[in-house]
Amino acid sequence: MTTPSYSRSSNRSAAARIAPVLRPVTREDFFPWVSLLAESLEVSGLVYRDEIALRIWQQLGHENSTTTPASQLEAIVADRSGNLIGLALMLPSISLSTGAAALDVHLAYVHRAARDEAAARALVAAVQQRARAIGATKIRWLAASDTLHQLAGAEPISKSGIYESDPALDVEA
């Protein structure tokens with residue numbers, strides 16, 4: 001699997017240079033969100049399944065359901081001109097050894113066609129901002145592209161591909 005390359009190529013279209021808007025996912029985002037989720041899983045070597053996507057969507061609190069979401073799962077999307085080009089799924093957690101708050105990023109991805117660094121930097125900056133807002137002392141990147149890890153200044157903490165970064169390290173958006 002090759003790592004995607006982000007560049008600031010001068011021959012990118014004007015649309016690609018428009019700064020993405022980072023925002024929480026909304027009910028209206030369902031179909032583009034599912035498409036982006038499926039692509040991110042495929043790139044990660046995982047199999048996409050509709051029933052799992054629907055369960056994740058329900059945990060975000062966007063599906064009519066008789067159950068209350070069991071988690072505090074949050075989703076941020078990168079929106080450029082009405083198109084979703086990136087997403088992050090994250091969950092606040094706590095260290096049992098120190099009691100310190102952390103933010104676990106279960107997925108962070110920028111669409112293959114949006115290969116500019118601005119979208120990736122904006123997504124990382126939004127994750128860092130969320131981590132600071134909950135008082136997290138660490139961000140654990142459980143599944144993100146290597147490029148996003150690098151932008152976040154993350155260091156590997158296990159052989160299984162988990163990276164950790166400091167939310168205080170700002171990334172230029």
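Taking both residues in full, the closest heavy atoms of P92 and E74 are given as CG-OE2, 4.0 Å, listed atom of the first, atom of the second, then distance. Closest approach of A100 and T137 over heavy atoms only: CB-OG1, 3.5 Å.
Residues V21 and I76 do not share a hydrophobic cluster, clusters being chains of Ile/Leu/Val/Met/Phe/Trp/Tyr side chains in contact below 4.5 Å. Under the 4.5 Å side-chain heavy-atom criterion for Ile, Leu, Val, Met, Phe, Trp and Tyr, L60 and F31 are members of the same hydrophobic cluster. Follow the hydrophobic side-chain contacts under 4.5 Å out from V25 and you reach Y48 in the same cluster. With hydrophobic clusters built from ILVMFWY side chains whose heavy atoms lie under 4.5 angstrom apart, L37 shares a cluster with I52. Both L73 and L46 belong to a single network of hydrophobic side chains, linked directly or stepwise wherever heavy atoms of I, L, V, M, F, W or Y lie under 4.5 Å apart.
Listed by first then second residue, pairs satisfying salt bridge (charged side-chain N to carboxylate O under 4.0 Å, His left out) with a partner in residues 84-99 number zero, not counting sequence neighbours.
Here the CZ-NE2 distance, from R140 to H106, works out to 9.0 Å after rounding to the nearest 0.5 Å. Atoms CG and CG, from L36 and L84 in turn, are 6.5 Å apart once rounded to the nearest 0.5 Å.
Looking at V127 and L103, their side chains come closer than 4.5 Å, going by heavy atoms from C-beta outward. Side-chain contact between M90 and D104 is absent, with no heavy atoms from C-beta onward closer than 4.5 Å. Residues P20 and D79 form no side-chain contact, since every pair of their non-hydrogen atoms from C-beta on lies 4.5 Å or further apart. For the pair R80/N83, no side-chain contact is recorded, criterion being any heavy-atom separation below 4.5 Å from C-beta on. Using a 4.5 Å heavy-atom threshold, the side chains of S40 and H111 count as separate. At least one side-chain heavy atom of V105 sits under 4.5 Å from a side-chain heavy atom of I139. Under the 4.5 Å side-chain criterion, counting only non-hydrogen atoms from C-beta, L123 is in contact with L22. Between K138 and S95 the shortest side-chain heavy-atom distance does not fall below 4.5 Å.
The aromatic rings of W33 and W57 are tilted relative to each other, their planes meeting at an angle between 30° and 60°.
In this structure, a donor-acceptor pair under 3.5 Å is present between the side chains of Y109 and E39.
The residues D29 and R23 are annotated as salt-bridged, a charged nitrogen and a carboxylate oxygen being separated by less than 4.0 angstrom.
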